[in-house]
Number of protein chains: 2
Amino acid sequence: MGRGRVQMKRIENPVHRQVTFCKRRAGLLKKAKELSVLCDAEIGLVIFSAHGKLYELATKGTMQELIERYGKYTGGPQLPDEVPMLEPLDAKKEIDMLKQEIQVLQKGLR
Amino acid sequence: MGRGRVQMKRIENPVHRQVTFCKRRAGLLKKAKELSVLCDAEIGLVIFSAHGKLYELATKGTMQELIERYGKYTGGPQLPDEVPMLEPLDAKKEIDMLKQEIQVLQKGLR
DNA sequence: CTCTATTGATAATC
DNA sequence: GATTATCAATAGAG
């Protein structure tokens, strides 16, 4: 789109990259909403900018609910009781992961 | 795009809706990848079809890592100390406790 | 699925 | 931010 083609690689010019990020981010969010409405799909979209700012979209409910559904889908039917142990990560990180898993499991019990 | 405009509402014809879902889903995933590459952003996209099938995309790492980052972002900066901290147990001990709880929950799910 | 006609997204520009 | 020339996505048809 636009005047001239676009190389599919990181835009080096910071100003240009920022402008493109804003425009395409808006376009992506719009497309996601459209797909959700047109085809009755539940969509979650999370975008972290290069600078770490968060942009999100969740159709049908909250992002948390969607994450839980995701966890249930991937952790449930597909890998019932397979616990792929990770290497000894940072303890805090591992604790957070375990807590999240517990939340998913608790939700599944209801 | 295409021949004729599209009403922004749920497509009633099931065949038409399925075709549109496939096409736009592919387009959305492509756009998400492009935004990630062009603007150096980390993007997570989760799509549940109306029938419950999951389609996902995670640029830069896994979806789990992205979810963790999301949780950290929303639960961290925004609600710094609203997290009921447990007693400062030894990290290893806490991990073992959490794992045990997970096992109990998994058992309950069967 | 492949193939256009046409719209919609957007890169360049102001 | 708004405008416009172009390209890319896609609706409909085969």
Check your understanding: Between atom CD of Q64(B) and atom CD of Q100(A), what is the distance when rounded to the nearest 0.5 Å?
Key -> 5.5 Å

Check your understanding: If we only count heavy atoms from C-beta on, is the M8(B) to L38(A) side-chain gap below 4.5 Å?
Key -> yes

Check your understanding: Tell me, do L54(B) and E56(B) make a side-chain contact under 4.5 Å, heavy atoms counted?
Key -> yes

Point to revise | With E34(A), the salt bridge (Lys or Arg N to Asp or Glu O under 4.0 Å) member among R24(B), K31(B), R10(B) | key: R24(B)

Exercise for review: Grab the CD1-P distance between I11(A) and dA12(C) for me, whole Å please.
Suggested key: 8 Å

Check your understanding: Should Y73(B) and F48(A) be marked as a ring-ring contact (aromatic ring centres under 6.0 Å, His included) after you check the CA-CA gap, both sets of side-chain angles, and the distance that decides it?
Key -> CA-CA 10 Å; Y73(B) 188 98; F48(A) 279 104; 5.8 Å; yes

Check your understanding: What's the spacing between I67(B) CD1 and D96(A) CG if we round to 0.5 Å?
Key -> 13.5 Å

Exercise for review: Would you kindly give the CE-to-C1' distance between M8(A) and dT10(C), to the nearest whole Å?
Suggested key: 15 Å

Exercise for review: Anything under 4.0 Å to a heavy atom of chain A counts; send over the first and last such nucleotide of DNA chain D, read 5' to 3'.
Suggested key: dT4(D) to dT10(D)

Point to revise | Neighbours of DNA chain D within residues 22-47 of chain B, by heavy-atom distance under 4.0 Å | key: K23(B), R24(B), G27(B), K30(B), K31(B), E34(B)

Point to revise | Minimum-distance pair of heavy atoms, taken over all atoms of A58(B) and M63(B) | key: CB-N, 3.7 Å

Practice item. Using a heavy-atom cut-off of under 4.0 Å over every strand shown, decide if V19(A) touches base, sugar-phosphate, or nothing. Key: nothing

Point to revise | Any side-chain heavy-atom pair of T59(B) and V37(B) under 4.5 Å | key: no

Check your understanding: Want to settle it: does R5(B) or M1(A) sit nearer the 5' end of DNA chain D, counting the closest nucleotide to each?
Key -> M1(A)

